[in-house]
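Sharing a structure here in structure tokens format.
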Amino acid sequence: MSTTVTQQRQQEINYVGSNPAGNNPFITRSYAVSDWTAMRNLYDEWAVQYDNDVLVSEKYTAPKLAAETVVSTVTKTKSSENPVGELMILDAGCGTGLVGVELAALGVKKIDGLDLSPGMLAVARKTGVYDGLAEADLTKPIGKDDDFYDVVTCVGTFTKSHVPPTALNELIRVAKKEGFVVATVLDSIWVSEGFEAEVKRLEESGKVKVLSTEWFGYRVASSAGARMVVLEKL
């Protein structure tokens, strides 16, 4: 086992038993709520201070790492001279637009966003990086055609008490064949809430090829880990 792998495994072990909610009251509340109206109201309330709470206080790495994963995955597999600039991306569960901002900084020009919370969408709209933004409940069918997007991202949404693993099916449906789904899954629910099993089922059914389920430090200040799930649609 390489030194890098050994260090990463040790970091994962160190994170086991930590409190993934940290000390932020909004995160704690979001992990406890199950009613969708209450969830939307919570995120509306949180929207204005969300970026500071997660990026600064929680040292939230997922948006930047997910955007970099999109670009590295696409450039490895596409032969176009400008594969990133030609992408059409759906940012599902876009929140305040953190992923969209990171994608735009890397050259992506066509991004749509969906989110449950009008308040979060209002903040995302101010970033100026989205072509279209709309309210959506990701536990239900997405109002997009089959095989529509080159890449679908879903960052921070597969977390405790939020969206179930079966929602991966809709993300895959709206991705083009040979397109990608890049999603984060909170590590503490990866096995217990059926995400690992669902990803395995999707691969065994022939819908996707699993390119990665790599662990990473997600909200570093709270020692919360996650999986970066990268799927290629077959």
Side-chain angles (χ1 to χ4, degrees), residues 36-37 39-40 43-44 47 62-63 66-67 69-71 73-74 77-78 80 82-104 106-159 162-185 195 198-199 201-203 205-211 228-234:
W36 283 106
T37 299
M39 181 80 74
R40 183 174 61 244
Y43 279 98
D44 283 347
T69 298
V70 168
V71 171
T73 301
V74 169
T77 58
K78 304 294 183 182
S80 168
N82 184 25
V84 174
E86 296 171 358
L87 293 176
M88 288 183 59
I89 294 185
L90 175 64
D91 185 11
C94 65
T96 59
L98 295 176
V99 175
V101 168
E102 295 290 349
L103 287 167
L106 295 175
V108 177
K109 299 176 181 178
K110 300 175 182 177
I111 312 170
D112 289 337
L114 301 175
D115 200 83
L116 181 70
S117 162
M120 301 291 263
L121 289 169
V123 178
R125 192 167 288 110
K126 293 178 182 178
T127 67
V129 302
Y130 290 92
D131 289 344
L133 289 165
E135 290 182 44
D137 178 351
L138 296 180
T139 67
K140 298 177 180 178
I142 294 171
K144 299 290 182 180
D145 293 338
D146 295 356
D147 306 315
F148 194 82
Y149 290 99
D150 297 294
V151 179
V152 179
T153 60
C154 190
V155 176
T157 300
F158 291 123
T159 187
H162 283 54
V163 177
T166 50
L168 284 166
N169 286 273
E170 273 295 283
L171 305 186
I172 293 164
R173 180 185 67 79
V174 300
K176 294 178 181 178
K177 293 187 183 301
E178 300 184 350
F180 304 97
V181 172
V182 175
T184 62
V185 179
F195 286 91
E198 180 66 6
V199 168
R201 187 193 70 78
L202 289 166
E203 183 170 43
S205 71
K207 288 186 176 182
V208 300
K209 177 181 180 181
V210 178
L211 301 184
M228 186 71 71
V229 177
V230 185
L231 309 175
E232 181 179 6
K233 182 173 178 178
L234 301 177

Original post:
At their closest point, which heavy atom of Trp36 faces which heavy atom of Val163, and how far apart are they?
Top reply: CH2-CG2, 4.2 Å
Subject >> Tyr43 side chain vs Gly95 backbone, donor-acceptor pair below 3.5 Å >> reply: no
**OP:** Measure the spacing between CG of Leu90 and CZ of Phe148 and express it to the nearest 0.5 Å.
**Re:** 9.5 Å
Subject >> All ring pair (Phe, Tyr, Trp, His ring centres under 6.0 Å) counterparts of Phe158, not counting sequence neighbours >> reply: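 Phe158 satisfies ring pair (Phe, Tyr, Trp, His ring centres under 6.0 Å) with Phe195 only.
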**OP:** Give, for atom CG of Leu168 and atom CG of Leu202, the distance between the pair rounded to the nearest 0.5 Å.
**Re:**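 Taking CG in Leu168 and CG in Leu202, the distance rounds to 6.0 Å.
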**OP:** Go through the structure and list residues passing side-chain contact (heavy atoms from CB on, under 4.5 Å) with Asp131, not counting sequence neighbours.
**Re:**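 In terms of side-chain contact (heavy atoms from CB on, under 4.5 Å), with neighbours along the sequence ignored, Asp131 is linked to Lys110, Asp112.
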Original post:
Between Gly156 and Thr184, what is the shortest heavy-atom contact and its length?
Top reply: N-OG1, 2.9 Å
**OP:** Work out which heavy atom in Glu232 is nearest to a heavy atom in Glu178; give both atom names and the distance.
**Re:**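 Closest heavy-atom pair between Glu232 and Glu178: OE2-CA, 4.0 Å.
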**OP:** State which residues pass salt bridge (charged side-chain N to carboxylate O under 4.0 Å, His left out) with Glu102; sequence neighbours excluded, sorted by chain then number.
**Re:**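 With sequence neighbours excluded, Glu102 shows a salt bridge (charged side-chain N to carboxylate O under 4.0 Å, His left out) to no residue whatsoever.
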Original post:
With a 4.5 Å heavy-atom cut-off, do Thr157 and Leu138 have their side chains touching?
Top reply: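 They are in side-chain contact.
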Original post:
What residues, two or more places apart in sequence or in another chain, satisfy side-chain contact (heavy atoms from CB on, under 4.5 Å) together with Glu170?
Top reply: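 Checked Glu170 against side-chain contact (heavy atoms from CB on, under 4.5 Å); matches are Pro141, Ile142, Arg173.
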Original post:
Which pair of heavy atoms, one from Ala66 and one from Val182, lies closest together, and at what distance?
Top reply: O-CG1, 4.1 Å
Subject >> side-chain contact (heavy atoms from CB on, under 4.5 Å) partners for Lys176, two or more places apart >> reply: Asp150
Original post:
Residues two or more places apart in sequence or in another chain: which of them pass salt bridge (charged side-chain N to carboxylate O under 4.0 Å, His left out) with Lys207?
Top reply: none
Original post:
Just how far is it from atom NZ of Lys233 to atom CG of Leu171, taken to the nearest 0.5 Å?
Top reply: 10.5 Å
Subject >> Residue list, side-chain contact (heavy atoms from CB on, under 4.5 Å) with Val71, at least two apart or on another chain >> reply: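 Val71 satisfies side-chain contact (heavy atoms from CB on, under 4.5 Å) with Thr75, Val84, Leu106 only.
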Subject >> Distance-minimising heavy-atom pair for Leu211 and Phe180 >> reply: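 It is CD1-CE2, 3.8 Å.
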Subject >> Atom pair CD (Glu135) and CG (Asp115), whose distance is rounded to the nearest 0.5 Å >> reply: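 Glu135 CD to Asp115 CG: 9.0 Å, rounded to 0.5 Å.
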Side-chain polar contacts of residues 119-129 - donor-acceptor pairs under 3.5 angstrom, sequence neighbours left out - could you list them?
{"from": "Thr127", "atom 1": "OG1", "to": "Ala124", "atom 2": "O", "distance (Å)": "2.6"}
{"from": "Thr127", "atom 1": "OG1", "to": "Val129", "atom 2": "N", "distance (Å)": "3.4"}

Original post:
Could you walk me through whether Val210 and Leu231 pass the side chain to side chain contact (heavy atoms under 4.5 Å, CB included) check?
Top reply: CA-CA 5 Å; Val210 178; Leu231 309 175; 3.8 Å; yes
Subject >> Interatomic distance, Tyr130 atom OH to Ile89 atom CD1 [nearest 0.5 angstrom] >> reply: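 With rounding to 0.5 Å, OH (Tyr130) is 10.0 Å from CD1 (Ile89).
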Original post:
Which residues satisfy the side chain to side chain donor-acceptor pair (under 3.5 Å) test with Thr166, sequence neighbours excluded?
Top reply: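 None.
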**OP:** State which residues pass salt bridge (charged side-chain N to carboxylate O under 4.0 Å, His left out) with Arg40; sequence neighbours excluded, sorted by chain then number.
**Re:**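 By the salt bridge (charged side-chain N to carboxylate O under 4.0 Å, His left out) rule, Arg40 matches no residue at all.
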Original post:
Nearest 0.5 Å, what's the OG1-CG distance between Thr153 and Asp91?
Top reply: 3.5 Å
Original post:
Under the side chain to side chain donor-acceptor pair (under 3.5 Å) test, which residues partner Ser117, sequence neighbours left out?
Top reply: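 For Ser117, the residues satisfying side chain to side chain donor-acceptor pair (under 3.5 Å) (neighbours in sequence not counted) are Asp44.
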**OP:** Output all residues satisfying salt bridge (charged side-chain N to carboxylate O under 4.0 Å, His left out) with Glu198, sequence neighbours left out; order by chain, then residue number.
**Re:**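 If we apply the salt bridge (charged side-chain N to carboxylate O under 4.0 Å, His left out) test to Glu198, skipping adjacent residues, the hits are Arg201.
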Original post:
Which atom names give the shortest non-hydrogen contact between Pro164 and Thr139, and what distance separates them?
Top reply: CD-CG2, 3.8 Å
